[in-house]
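Scroll down for the structure; my scribbles are underneath it.
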Amino acid sequence: MSYRTRFAPSPTGPLHLGHAYSALVAARRAEAAGGTFLLRIEDIDQSRARPEWEAQIDEDLSWLGLDWPRPEMRQSQRLPAYRAALQTLWDMGLLYPCSCTRRDIAEAASAPQEGAPQLGPDGIVYPGTCRPETAPEGPLPDAVLRLDMARALERACRHQPLFFTETGKGPNGESGARPIARRRMIEKVGDVVLARQGMGTSYHLSVVVDDAEQQITEVVRGQDLFEATPIHVLLQRLLGLPVPLYHHHRLIRDEAGKRLAKRDDARAIRLYRDEGKSPADILKMIGLARSA
Ligand code: GLU
């Protein structure tokens, strides 16, 4: 199968140097492998996504010299595919509706008998308040849905342990075959949300369904998402989808060593462009200048 990767920004703010780095690393890996670089617009959070930001993504990436097949995939148009994946997991008895607010979760997790609240890739590990004893029945509800992690792992690991292959490096230098420990998933990740309030999906579910749809062979993304990868690999196993290679790359940090976030507008590509910087200047700033 030929190499395919993607850059998957959310149009909720300007692209900054960290995004430029991620997109360029992905595009270069595709180029080196004679494969394809795709763009995917992750706009499931319609309360924050803006068409102006989407236009800016296209403009900034094109200015940096990147190109990709069009039209690009847009997650807001893929809700039926996410619903179908949720239906599959619901029919397996692995989902349950949850009515807890953030506050309920924080309070339940800090109850004295719970010990110190565990922090996972999605924040506080869910203490299980709404988790039913037996799988709920009936039609798939239009509600916040959580994955019953213990039950999901039980089913997914029945015949083969879970693992993925890291072709880059995790935050602690992790590389190569990465086994996924069940106990760690239950204690440190917990019952993740797969359908969010008013979205009908979640980052974890959409990314897995779309990487499969786009036949991605290697996911290239920042190390900040390394801890989310076991969740994605578990969902791939449950949904019968192929597991791509994962290439997590270093994060671009500011002078204080903090990783750049959307609010770091000072490092927005647009501002550097307005200041008269060239794409070559940007490449130099993120350590990707091609030697002449
Ligand atoms: N949309 C995610 C973000 O902007 C990236 C998703 C991914 O690469 O898996 O952080």
Side-chain angles (χ1 to χ4, degrees), residues 4-30 36-50 53-54 56-58 60-61 66 68 72-78 81-82 85 121-123 164-171 178 189 192-194 196 199 201-236 239 241-253 258-265 267-269:
R4 287 164 73 85
T5 192
R6 73 337 184 248
F7 174 57
S10 304
T12 54
L15 292 190
H16 55 58
L17 292 181
H19 294 106
Y21 183 81
S22 203
L24 281 152
V25 169
R28 287 190 183 179
R29 288 184 70 78
T36 310
F37 166 76
L38 299 164
L39 176 67
R40 181 169 75 222
I41 301 294
E42 301 218 320
D43 58 350
I44 50 171
D45 186 353
Q46 285 286 308
S47 67
R48 292 170 63 223
R50 298 273 177 277
W53 294 128
E54 201 181 309
Q56 187 76 61
I57 288 171
D58 191 308
D60 287 345
L61 294 179
L66 299 178
W68 56 90
E72 50 280 285
M73 181 179 276
R74 188 163 284 98
Q75 291 193 322
S76 55
Q77 292 171 357
R78 305 250 316 132
Y82 308 143
D122 289 348
F164 67 94
T165 303
E166 174 63 55
T167 60
K169 269 196 180 61
R178 305 298 314 158
V189 179
V192 286
V193 171
L194 293 189
R196 289 199 175 278
M199 264 188 224
T201 184
S202 66
Y203 160 65
H204 298 306
L205 185 82
S206 311
V207 92
V208 160
V209 170
D210 291 345
D211 283 338
E213 178 67 21
Q214 294 193 296
Q215 298 179 20
I216 298 303
T217 59
E218 184 180 72
V219 170
V220 177
R221 61 186 180 194
Q223 285 170 346
D224 52 328
L225 289 168
F226 183 77
E227 294 298 337
T229 303
I231 304 170
H232 300 171
V233 174
L234 169 62
L235 292 176
Q236 286 151 358
L239 294 168
L241 302 174
V243 181
L245 299 171
Y246 283 88
H247 185 93
H248 293 93
H249 60 68
R250 71 182 176 89
L251 301 175
I252 301 290
R253 297 181 182 276
K258 211 168 84 358
R259 86 178 168 91
L260 300 185
K262 283 261 161 55
R263 61 189 170 277
D264 283 298
D265 290 4
R267 277 129 190 123
I269 317 245

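Indexing begins at 1, ligand by ligand and atom by atom, following the structure's order.
Although no hydrogens or angles enter the test, the distance criterion places a donor-acceptor pair under 3.5 Å between the side chain of Arg4 and the main chain of Gln214. No donor-acceptor pair closer than 3.5 Å links the side chain of Glu42 to the backbone N or O of Gln75.
Within the listing of ligand 1, atoms 7 (C), 8 (O), 9 (O) sit less than 4.0 angstrom from a heavy atom of Arg6. Remark: ligand 1 atoms within the under-4.0 Å shell around heavy atoms of Val207 are 9 (O). Short contacts between ligand 1 and Ser10, defined as distances under 4.0 Å to a heavy atom of the residue, involve ligand atoms 1 (N), 4 (O).
Between His19 and His16, the angle of the ring planes lies from 30° to 60°, which puts this pair in the tilted group.
Around atom 9 (O) of ligand 1, the closest heavy atom drawn from Glu42, His232, Arg221 belongs to Arg221.
The pair Asp211-Arg40 counts as a salt bridge, with a side-chain nitrogen and a carboxylate oxygen less than 4.0 angstrom apart.
Only side-chain heavy atoms of Leu225 come within less than 4.0 Å of ligand 1; its backbone N, CA, C and O stay farther off.
Closest approach of Pro121 to Val189, counting heavy atoms only: CD-CG2, 4.1 Å. Summarising the geometry of Ser22 relative to Gly222, their closest heavy-atom pair is OG-N, 4.4 Å, with the distance given to 0.1 Å.
Considering both main-chain and side-chain atoms, Ala8 comes within under 3.5 Å of ligand 1 through a nitrogen or oxygen pair.
Under a 4.0 angstrom heavy-atom cut-off, Tyr203 registers as being in contact with ligand 1.
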